[in-house]
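Both counts, for ligands and for their atoms, begin at 1 and track the order of listing. Just the heavy atoms: all of them, side chains too, but no hydrogens, waters or symmetry mates, feed the values below.
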Amino acid sequence: MCANVDGGTLTEYPEVRATTLRNVRRIVIKLGSSLVTTTGEGLNAPLMASLVQQISELMDQGLEILLVSSGAVAAGTQKLQLKEIPRTVSLKQAAAAVGQSYLIWAYEKLFDQYHHQVAQVLLTHADLGNRRRYLNARNTLITLLQHRVIPIINENDTVSVSEIKFGDNDTLSALVTNLVEADLLIILTDTDGLYTQDPRIHPQAELITLVPSITPDIERLGGGKGTAMGTGGMYTKIQAAKKVVISGIPVLIANGRCEKVLHRLLAGEDLGTLFLPYKTPLLRGRKHWIVHTLKPRGIITVDDGAREAILYKGKSLLPSGIVAVEGNFEFGDAVTCCDLNGKAFARGLVNYNAKEVRRIKQHHTSHIESLLGYKYQDEVIHRDNLVLL
Ligand code: GLU
């Protein structure tokens, strides 16, 4: 356990780790069922306590953490005194409903000791495939982080059926990492990382500490199933890593049972497997999605001040700088921002529909509520949802 097997001949390796993990601020941490639960005995309280303590300490150091935690089905299976993980969909969903509240209750009690608040966030694939729900999920998660609350995310197993399912929390953690544009994804599991062979069958298997790129050979190493409790094995972890490194974000897979694993990983210690990010991602996942996947539904023309602020000062689009609105877009649609000469210079997702923007344009943000009777956000397009063209 926690073997520090040398990755091979890469002499610059420790520096690669240190450089890759430098300036990491927002981290998604995924805990698998094999850690959170003990077979047939419900939640693994001591391990959860240790991980919560580590996460709390990292939060106290100013890091933003989002937790993707499995364990609902396994915990519910034990609570309902079932002999094994249910096979029928409805019983599994019932177990998830029972187990999820138990899981969050346990986290809430543990985080409370460190004066951290938790929020339960349950997602389905449909939430991230639809632009409005995607934006809502993102806004909510970012707002929780701004309030120093730790989002504890799981698949909404109670309502998920095959066509709207992520299927496993490795995939969910990858999509969440891209959704919030985290700086790092850490997948904690019950093995030390990716091995040259399945270590449960081949004792001579060696830990691979660095994966510079996910080649077909690396993907082949992911064969084999996970534990009885979790759905994802190494295969889904590698697929998840693929989705994340492509957006320029590194991924670590490590053993959650290792003492002080999170601190040690972030200190650059040679634990687990590090997947290096693409050096020059085409565009980070979500921005790629904004520019390439979504059809712009309208045009917002802005004055020179707003144009300067967006192009050169990294600012959001506020109502005061808007001079004209074209199209009938809805909340969450992509719109193009043009300057007074009609030249498109940015594209982003709007927090208000066209009618609302027409009403609040040229007004200060403090007037939004009195003009509309409500206010979603100060920004018509938040900087995080804006891509310069
Ligand atoms: N969402 C499932 C649960 O909480 C776990 C899925 C997985 O292990 O990947 O029980």
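Near D168, the atoms of ligand 1 lying under 4.0 angstrom from a non-hydrogen atom of the residue are 9 (O). For ligand 1, the atoms lying closer than 4.0 Å to a non-hydrogen atom of V73 are 3 (C), 10 (O).
Taking a 4.0 Å cut-off on heavy atoms, A96 fails to register as neighbouring ligand 1. Assignment of G32 to the shell around ligand 1 is not supported, since no heavy atom sits closer than 4.0 Å.
Side-chain atoms of N23 and D183 form no donor-acceptor pair, as typed in the model, at a separation below 3.5 Å. Checked by atom type, the side-chain pair E219/T215 shows no donor-acceptor distance below 3.5 Å. Defined by atom type and a distance below 3.5 Å, a donor-acceptor pair is missing between the side-chain atoms of E206 and Q197.
Within the 4.5 Å cutoff, the side chain of V357 has heavy atoms near those of the I322 side chain.
In S33, the part holding a heavy atom less than 4.0 Å from any atom of ligand 1 is the side chain. Counting heavy atoms closer than 4.0 Å to ligand 1, residue N154 contributes side-chain atoms (C-beta onward) but none from N, CA, C or O.
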| message | If you apply the rule side chain to side chain donor-acceptor pair (under 3.5 Å), what do you find for D60 with H116, and how did you get there? | response | CA-CA 9 Å; D60 291 339; H116 288 300; 3.0 Å; yes
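Taking distance alone, with nitrogen or oxygen atoms compared against 3.5 Å, K30 stays at or beyond that limit from ligand 1. At least one N or O atom of D157 sits closer than 3.5 Å to an N or O atom of ligand 1.
A distance of 6.0 Å or more separates the ring centres of F331 and Y352.
Ion pairing between a basic and an acidic side chain is recognised when a charged N comes within 4.0 Å of a carboxylate O; D170 and K237 show such pairing.
Among A74, A75, S70, the residue whose heavy atom sits closest to atom 5 (C) of ligand 1 is S70.
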